[in-house]
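Notes for the one structure printed next.
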There are 2 protein chains.
Amino acid sequence: MLITRASEYAILSLILLSSAKEPMDSETLSRELSIPKSFLAKILQALAKSGVLKSYKGAKGGFALDKETKDISMLAVMSCVEGKAPAVFECAPAEKSCPSEQANICSIWPFLHKLQGKIDSFLEELTLADIVEE
Amino acid sequence: MLITRASEYAILSLILLSSAKEPMDSETLSRELSIPKSFLAKILQALAKSGVLKSYKGAKGGFALDKETKDISMLAVMSCVEGKAPAVFECAPAEKSCPSEQANICSIWPFLHKLQGKIDSFLEELTLADIVEE
DNA sequence: CGAATCTAAAGCCATAATAGCCTCCTGATA
DNA sequence: TATCAGGAGGCTATTATGGCTTTAGATTCG
Ligand code: SF4
Ligand code: SF4
């Protein structure tokens, strides 16, 4: 799996939040989307920390978007939720990642890197706005 | 990770085998590529079962390619080694895979499916020949 | 021809990494 | 200050990876 469940939940939440006027708390989101509350909380926290969401504590608190939908790329969302950018394979992002340090002579690294590039640019260009307005 | 270590090992083995005249036994391959022997054996068996490799028992036995390099697609290799086709996400291959059975109204399924399609065709068209002759 | 030897085939087990989920603590608001 | 909701860490199930042993088929040599 290139994409984890955490990313799915993140995107579903963002979609819902994009059409909300006021901040929504994690419990409401959890109920609305049938997502385990505690798991979702951690995801939302990560999104808040990276600036995609803004969190409000205390009564009437919750989460709300902190950017325009067209400024939220799927790549950014996944990178932040999963802790690292989605990689097709361990060594795909950079030659240095190869454990045997033979990426320069490895026959399959070029193709891995090419595939990774395609995926990255796809995710980079795809924004929340694209998804919502379909 | 979309691609597992088993797939990496499979491809590395196939590259080596493509330039060999005679069958190579799993131990030689394991030593040559620094791959755990027992793990590699399992991978080679899977490849043999799906017709990519041909196995020879007894003395002077081993594994050899059973197809032209240009007829071996990476998609086929991965599918057979990993037991299933590499999926970008649980629900990406087909709408039916959605656990909540809401793929038809799900906002993000279309984009997942599109990404999956891109990856599939990339892997489908990439053959062992392409990799070897670089 | 027959036995010893070689190698794949198949099964089960152990460990490491990851994904997924839950509980309690901390801080802000009313 | 009482309450509401986010923050941080811990726990379990699943998967990926690798090890080990036994079985079975083929070859080679005496
Ligand atoms: S050997 Fe090649 S495929 Fe394997 S990790 Fe290194 S660069 Fe990647
Ligand atoms: S809800 Fe959408 S993204 Fe989630 S599994 Fe179903 S189709 Fe896929």
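Model, not experiment: these values are computed from the prediction. The sequence lines fix the lettering, A, B, ..., with proteins before strands; numbering per chain opens at 1.
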Please give, in whole Å, the distance from [N] [atom2] to [X] [atom1]?
| X | N | atom1 | atom2 | result |
| --- | --- | --- | --- | --- |
| A:Ile3 | C:dG20 | CD1 | C1' | 17 Å |
| B:Leu44 | C:dA9 | CG | P | 9 Å |
| A:Gln45 | C:dA28 | CD | P | 15 Å |
| A:Ile35 | C:dA19 | CD1 | P | 17 Å |
| B:Lys49 | C:dA8 | NZ | P | 15 Å |

Residue pairs passing the side-chain hydrogen bond (donor to acceptor under 3.5 Å, both in side chains) test where at least one lies in [range], sequence neighbours excluded:
| range | value |
| --- | --- |
| residues 30-50 of chain A | none |
| residues 64-81 of chain B | none |
| residues 7-23 of chain B | B:Arg5-B:Glu8, B:Ser7-B:Glu82 |

So, taking the atom named [atom1] in [X] and the one named [atom2] in [Y], what distance separates them when rounded to the nearest 0.5 Å?
| X | Y | atom1 | atom2 | value |
| --- | --- | --- | --- | --- |
| B:Lys54 | B:Leu65 | NZ | CG | 12.5 Å |
| A:Leu29 | A:Ile43 | CG | CD1 | 11.0 Å |
| B:Ile11 | B:Met74 | CD1 | CE | 5.0 Å |
| B:Ser107 | A:Leu14 | OG | CG | 11.5 Å |

Pairs flagged by ring pair (Phe, Tyr, Trp, His ring centres under 6.0 Å) wherever residues 51-91 of chain A is involved - sequence neighbours left out: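 Qualifying pairs: none.
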Just list the side-chain donor-acceptor pairs under 3.5 Å for residues 110-126 of chain A, sequence neighbours left out, or say none.
residue: A:His113; atom: ND1; partner: A:Ala92; partner atom: O; Å: 2.8
residue: A:Gln116; atom: OE1; partner: A:Val88; partner atom: N; Å: 2.7
residue: A:Gln116; atom: NE2; partner: A:Pro86; partner atom: O; Å: 3.0
residue: A:Gln116; atom: NE2; partner: A:Asp120; partner atom: OD1; Å: 3.0
residue: A:Ser121; atom: OG; partner: A:Gly117; partner atom: O; Å: 3.1
residue: A:Ser121; atom: OG; partner: A:Lys118; partner atom: O; Å: 3.1

Give the first and the last nucleotide of DNA chain D, reading 5' to 3', that has any atom under 4.0 Å from a heavy atom of chain A.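 In short, chain A contacts DNA chain D from D:dC4 to D:dG10.
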Identify the heavy atoms of B:Ala87 and B:Pro93 that sit nearest to each other, and give their distance. CB-CG, 4.1 Å
Sorted by position of nearest nucleotide on DNA chain C, 5' first, the leading residue of A:Glu82 and B:Ala41 is B:Ala41
Does B:Ala48 or B:Phe89 map to a spot on DNA chain C nearer the 5' end, using the closest nucleotide for each?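 Nearer the 5' end of the strand: B:Ala48.
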Between A:Thr4 and C:dT18, is there a contact of a side-chain N or O with OP1 or OP2 at under 4.0 Å?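 Negative; the distance criterion is not met.
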Would you mind building the protein contact string for nucleotides 21-27 of chain C? One character per nucleotide, 5' to 3', B for base within reach (heavy atoms under 4.0 Å), S for sugar-phosphate only, - for untouched. BBB---B
Can you pull out the residues from residues 12-25 of chain B that lie within a 4.0 Å heavy-atom distance of DNA chain D?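 Going residue by residue through residues 12-25 of chain B, none turns out to have a heavy atom under 4.0 Å of DNA chain D.
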With sequence neighbours left out, write down each residue that passes side chain to side chain donor-acceptor pair (under 3.5 Å) with B:Thr28, or none if nothing qualifies. B:Asp25
